[in-house]
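To keep things clear, I will list the structure first and then write my remarks on it.
Below, read A as the first sequence line, B as the second, and so on, with proteins coming before strands; counting in each chain starts at 1.
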Amino acid sequence: MSILINKDTKVIVQGFTGKEGSFHAEQCIAYGTNIVGGVTPNKGGQTHLDKPVFNTVGEAIKATGATVSMIFVPPAFVGDAVMEAAEAGIELAVIITEGAPVKDMQMAKAHATKHGMKTLGPNCPGIITAEECKIGIMPGSIFKKGNVGLISKSGTLTYEGANQVCNEGFGITTAIGIGGDPIIGLSYNQILPMFEADPETEAIVMIGEIGGDLEIQAAKLIKEQITKPVVAFIAGQTAPKGKTMGHAGAIVSGSAGTAKEKMEALEAAGVKVVVSPAEIGKAIAEVLGKK
Amino acid sequence: MNIHEYQAKQIFKKYGVPTPKGIMVESVKDAVKAAEQLGGPVWVVKAQIHAGGRGLGGGVKLAKSLEEVETLADEILGMTLVTHQTTAEGKLVQKLYIEDGADIKEELYLSVVLDRKLEMPLIMASTEGGMNIEDVAANTPEKIITVPVDPAIGFQSFHGRELAFGLGLTDKDEQKNIIRFASKLYTLYMENDAEMIEINPLVKTGKGEFIALDGKMGFDNSALGRHPDIAEMRDLSEEDADELEAAKYGLSYVALDGEIGCMVNGAGLAMGTMDTINYMGGTPANFLDVGGSANAETVAKGFEIILKNPKVKAIFVNIFGGIVRCDRIANGIIEATKITDVNVPVIVRLDGTNAPEAAEILKNANIANLIVGDDLGDGAAKAVAAAKGE
């Protein structure tokens, strides 16, 4: 078991024939992901990476039965691509593109919700179910199959966390990068209950950062609904106030969104909070018992 | 990206949002000329810097004669203004805005921001104009009215009525005026991909009209591509020179106070590296994300920017290669040490894609001052020890 995606998931790529789309689609195919085609307007009918190209998402779904779309279109066209996917009937859009305008994401996410489509990202590494299906840009080799679910706002901290978990002798069920933009799709509070319900997941790693209050909301939910052990790290304890730290959403405004308040809220909810990301693997070993 | 008050007011005027007449100047002579042109009898001389709290810092003053305009312009132009929103060193005032005095009956507050929880714009208003709104929020939250506007329906009259009644406006003309004002402000917020607009104070005149006495605007950097007119308003002298230099090479840099320079891929890991250094008893000198396309040139540039800071006693290079291949980073480090004079210990931790090849490359290069870290914790510990001279 796993959450959201598995080896049978049929995936299309929007922005399939572009440089980024091609490179990562190829990597995903090599990993074993069931990529059934792609969408690039005006290239319909062609073949790319041995897969069919379609002009619209609607045509692609009709021909392939795809349920998930991995989106690589340039930032200015992300909103449009997400809304097209939603109306065409895609169930989950994984938005990798970095730098999508915030206004476009407000519109696109509202539209996706209206059509019952889940979204991940933008500006995220994607999602991977270890040794089954990779939809994103993460290095697949570090994710060994196991019993730990991982949710993170940061790409490289996802790799860091997963690597440590695997080095301790454990492994990953599904790892999900939710992105660090001001407006994102699925977040802790939608994903945590999925891990809770997944019989294979025995512990959860949650990686957050300064800015916004998603981690505070997650603390409330964990207290009420999550029985599996959660290990958390919040990046940016040493970040200065009022400065955007790389991710557009990673900013402490006034006294809100600090690492300290998030760590305290999570600790109060019974989460094992580590002060350094170097401790994630050890903390998982502690809560699951040494292997 | 933030802009100056005088620029925000240019945008306000374009959308019919009332503001006092004013002229931006860069010399005392032009300040007097501007005052003559505006006519008076009262003028406000305002320092133009990207920070709030200018009035309290002595950067906004009232003049009742042309002579006074001259004296004040001379005093404020070239001063270094320190406010609660600037650094301790303050900001040099290079531009003034000479503005007509306004008929002030009441001072209110109005802003539009993105509400991240609701995922839509939020209009905030308060009767407590002229104050720091964070203080109002902390001490008297009931005095802040919040009205979210769903972009799918846009600004409707009921949004305006919520503001008007919330602000206690009983006069029908005043109600109409504030509704019209807020509607225009919402339109300009959306059309220009603004991140925030703040008018503090918003003035109610004796005639019951509303005027933006101040104007602060920030924009979504990701959307500047479709607003060339706004992108042009960027004032590079208001931004940190090192951050700008780094950005040219695709590096995201923020200076801090500590002793250990950091070069990391990914914003989250970069923050996590700073936190780890701090946790192990060291102090990070900077945030630096080399991004997904790091190569020899960008790594060399990163070293150069980090080493500009004389406080730096060691550099910790922490890379978890995903798309970024570690062997390329290793070669980058070797190249960088040839281009830049790296005179402090460099601790390198490379993990992920092609890490074994990278370790081999670094070993063979035989660079003095180079220490290999086995993992994040080990690398950070070695960097902390090196900075302490151990």
Side-chain angles (χ1 to χ4, degrees), chain A residues 24 75-76 98-107 109-111 125 137-139 141-142 152-160 163-164 167 180 182-183 207 209-214 217 233-240 242-250 254-255 259 275-279, chain B residues 85 114 116-117 119-121 134 137-138 150-152 190 193-195 220-226 252 254-258 264-280 283-284 287 289 291-292 318-324 351-353 375-381:
Chain A
H24 291 291
E98 177 178 357
V102 173
K103 184 171 77 180
D104 299 5
M105 289 318 301
Q106 286 175 53
M107 304 288 194
K109 193 180 169 190
H111 199 65
I137 60 175
M138 61 287 272
S141 60
I142 55 174
S152 170
K153 273 187 180 175
S154 145
T156 37
L157 279 177
T158 304
Y159 317 157
E160 181 69 50
N163 192 51
Q164 286 181 31
N167 285 346
I183 290 186
I207 299 169
E209 66 190 21
I210 52 168
D213 76 337
L214 291 173
Q217 294 177 42
F233 169 70
I234 305 294
Q237 298 156 59
T238 48
K243 279 275 183 188
T244 304
M245 306 299 279
H247 292 152
S255 56
V275 184
S276 156
E279 312 286 317
Chain B
Q85 284 186 5
L114 170 71
R116 285 170 67 169
K117 201 186 278 181
E119 301 179 334
M120 56 179 73
E134 280 191 11
D150 183 344
M190 291 306 285
D193 281 276
E195 199 171 69
D220 176 5
N221 287 343
S222 296
L224 286 177
R226 57 191 180 204
S252 171
V254 177
L256 302 167
D257 291 331
V264 189
N265 68 326
L269 187 59
M271 282 190 277
T273 303
M274 287 156 43
D275 294 343
T276 305
I277 288 171
N278 180 59
Y279 172 59
M280 300 207 164
T283 51
F287 167 93
D289 174 8
N318 183 24
I319 305 289
F320 204 111
I323 318 167
V324 178
D351 212 333
T353 312
D375 56 31
L376 170 56
D378 181 59

Just wondering, do B:Pro121 and A:Gln106 contact through their side chains at under 4.5 Å, heavy atoms?
yes

Does the side chain of A:Thr238 come under 3.5 Å of the side chain of B:Asp275 through a donor N or O and an acceptor N or O?
yes

Backbone N or O of B:Gly268 within a donor-acceptor pair of the A:Lys153 side chain at under 3.5 Å?
no

Under 4.5 Å to a heavy atom of chain B? For A:Pro75 that would be neither

Is any side-chain heavy atom of B:Arg116 closer than 4.5 Å to one of A:Ile183?
no

If you count every heavy atom of other residues, nucleotides or ligands that lies below 6.0 Å from B:Asp378 atom CG, does the total exceed 12?
yes

Salt bridge (Lys or Arg N to Asp or Glu O under 4.0 Å) partners for A:Asp213, two or more places apart
B:Lys117

Chain B interface, residue from A:Pro101, A:Pro139, A:Ala239, A:Ser152 that has the most non-hydrogen pairs under 4.5 Å
A:Pro101

Under 4.5 Å from any heavy atom of chain B - which part of A:Gln217:
side chain

Tell me, side chain or backbone of B:Thr276 under 4.5 Å from chain A's heavy atoms, or both, or neither?
both

Taking C-beta and beyond as the side chain, do B:Val254 and A:Pro240 meet within less than 4.5 Å on heavy atoms?
yes

A:Ile234 versus chain B, the contacting section by heavy-atom distance below 4.5 Å
backbone

Treating A:Thr156 as the side-chain partner and B:Asn265 as the backbone partner, does any N or O pair qualify as donor plus acceptor under 3.5 Å?
yes

What pair of heavy atoms forms the shortest contact from B:Leu376 to A:Ala278, and how long is it?
CD2-N, 3.7 Å

Nearest-0.5 Å distance that lies between atom CZ in B:Phe320 and atom CD in A:Glu160:
6.0 Å

Is chain B contacted by the side chain of A:Met138, its backbone, both, or neither, given a heavy-atom distance below 4.5 Å?
neither

So, using side-chain contact (heavy atoms from CB on, under 4.5 Å) as the criterion, who are the partners of A:Ile137 when residues are at least two apart?
A:His24, A:Phe72, A:Ile96, A:Pro125, A:Tyr159, B:Ile323

Interface residue of largest heavy-atom contact number with chain B, from A:Ser154, A:Gly155, A:Ser141, under 4.5 Å
A:Ser154

Go through the atoms of B:Met190 and report whether side chain, backbone, both or neither lie under 4.5 Å from a heavy atom of chain A.
both

If you compare all heavy atoms of A:Gly99 against all heavy atoms of B:Ser222, which two are closest, and at what distance to 0.1 Å?
O-CB, 3.2 Å

For B:Glu119, does the CD atom have more than 12 heavy-atom neighbours from other residues, nucleotides or ligands under 6.0 Å away?
yes

Would you indicate whether the side-chain heavy atoms of B:Glu195 and A:Lys103 approach each other to under 4.5 Å?
no

Can you find a pair of side-chain heavy atoms, one from A:Glu279 and one from B:Tyr279, that are under 4.5 Å apart?
yes

Between B:Asp375 and A:Asn167, does the side chain to side chain contact (heavy atoms under 4.5 Å, CB included) criterion hold? Intermediate values first, please.
CA-CA 11 Å; B:Asp375 56 31; A:Asn167 285 346; over 6 Å; no

Heavy-atom closest pair, residues A:Pro182 and B:Leu114
CB-CD2, 4.0 Å

Non-hydrogen atoms of chain B under 4.5 Å away: do they reach the side chain of A:Ala100, the backbone, both or neither?
backbone

Quick one: pull up CE in A:Met107 and CE in B:Met120 and give me the separation to the nearest 0.5 Å.
10.5 Å

Under 4.5 Å heavy-atom distance to chain B, tell me which part of A:Glu209 shows up: side chain, backbone, both or neither.
side chain

Side chain, backbone, both or neither: which part of B:Asp351 has a non-hydrogen atom closer than 4.5 Å to chain A?
side chain

